[in-house]
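What follows is a short report on a single structure.
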Amino acid sequence: MSELTRQQFFAAIAPTIVLIRQQGSPILPSVRLAQSLLETGGVIHAWNNLGGIKVGGGKLTPYWRGDAVTKGTWEFIGGQEVKEKAAFRAYRTLYHYYKDQDELFNNTRYAKVQEAKTALEQAEQIRLAGYATDPDYSSKIMSIITKYNLDAFDTATVKFKPEIGFEGASLVPVMVDQRLYCTAYLEKGITYIPVRKIAELFGAKVDWKSKKVYVNGVLVDTRLGGSTSFVKPRDVMNLLKIKLEWDTYAKVLFIN
């Protein structure tokens with residue numbers, strides 16, 4: 001993928017970062033946005049590894065299933081920059097990458113990263129924990145945060161709270177063409193997506209009559225969450241001629 005402008009880059013990755021923060025990630029959005037730019041230079045490669053996470057011991061997680069790429073990288077060894085090749089984890093989507101990075105940060109080695117309350121503290125603890133060999137890693141992250149006012153994402157992001165009617169549900173991503181399209185609710189193994197979002201995706205017409213919902217003139221079974229009507233994607237799968245895929249490990253819905 002070609003290099004994006006800084007604003008295009010942040011616009012492409014921010015929705016996923018904000019979602020994961022809403023789900024309870026300890027990493028501040030500003031730190032994650034800045035780190036992603038620092039590690040990639042503003043390029044989103046097909047393998048979606050925006051943080052230089054190496055294969056390491058190769059232990060699988062719900063978000064990394066063993067795919068990898070080998071590429072050149074710079075490391076600081078003995079105070080000198082040295083170019084070498086290494087195997088890096090490859091991810092299906094940005095969501096998988098950031099969730100896998102959280103798996104890494106859940107390691108006791110990064111306990112002080114999780115405890116940090118400010119972007120400055122978090123960036124410094126990431127460096128001290130040995131995430132990167134660059135001695136200026138944290139200062140570079142902070143410079144990016146300041147330059148692009150990324151701390152605004154920290155104050156604007158609030159923890160996820162289910163709508164009335166879905167109090168026991170969790171928030172899950174819905175992907176279209178490997179990119180985050182919207183969010184849905186997952187409750188007792190069943191996914192519910194806003195009916196308008198799925199209709200808009202396929203150019204379908206939605207009508208509300210006497211509190212009943214029709215998609216392309218066909219009555220569909222919906223569930224109300226707050227003031228939004230939700231539908232089980234499978235209930236409209238044949239109607240809209242869509243293919244669904246559920247990632248059991250990462251809990252992600254793919255619509256093709």
Report the residues that fulfil side-chain contact (heavy atoms from CB on, under 4.5 Å) with T108, sequence neighbours left out, ordered by chain and then residue number. none
Check residues 146-166 and write down every donor-acceptor pair under 3.5 Å in which the side-chain atom is one partner and the other belongs to a residue at least two apart or another chain.
residue	atom	partner	partner atom	Å
T146	OG1	M142	O	3.0
D154	OD1	S30	N	2.9
D154	OD1	S30	OG	3.3
D154	OD2	S30	OG	2.7
T155	OG1	A152	O	3.1
T157	OG1	F153	O	2.6
E163	OE2	Y185	OH	3.2

Results of side chain to side chain donor-acceptor pair (under 3.5 Å) for Q23 - residues two or more places apart only: Y95, K99
What's in the same ILVMFWY side-chain cluster as L219, cut-off under 4.5 Å, chained through other members? Y214
Qualifying salt bridge (Lys or Arg N to Asp or Glu O under 4.0 Å) pairs, either residue in residues 213-227, two or more places apart: E187-R223
Selection residues 125-147 - residue pairs positive for ring pair (Phe, Tyr, Trp, His ring centres under 6.0 Å), sequence neighbours left out: F105-Y131
Y97: ring pair (Phe, Tyr, Trp, His ring centres under 6.0 Å) partners, not counting sequence neighbours: Y91
Got a sec, which residues hit side chain to side chain donor-acceptor pair (under 3.5 Å) with R92, two or more places apart in sequence or on another chain? Q178, E245
side-chain contact (heavy atoms from CB on, under 4.5 Å) involving F202 - partner list, sequence neighbours excluded: I198, L240, I242, I255
What residues form a ring pair (Phe, Tyr, Trp, His ring centres under 6.0 Å) with F9, not counting sequence neighbours? none
What donor-acceptor contacts under 3.5 angstrom involve side-chain atoms of residues 204-211, with partners at least two apart or in another chain?
residue	atom	partner	partner atom	Å
W208	NE1	S229	OG	3.4

Tell me every residue that passes ring pair (Phe, Tyr, Trp, His ring centres under 6.0 Å) with W246, counting only those two or more places apart in sequence or in another chain. none
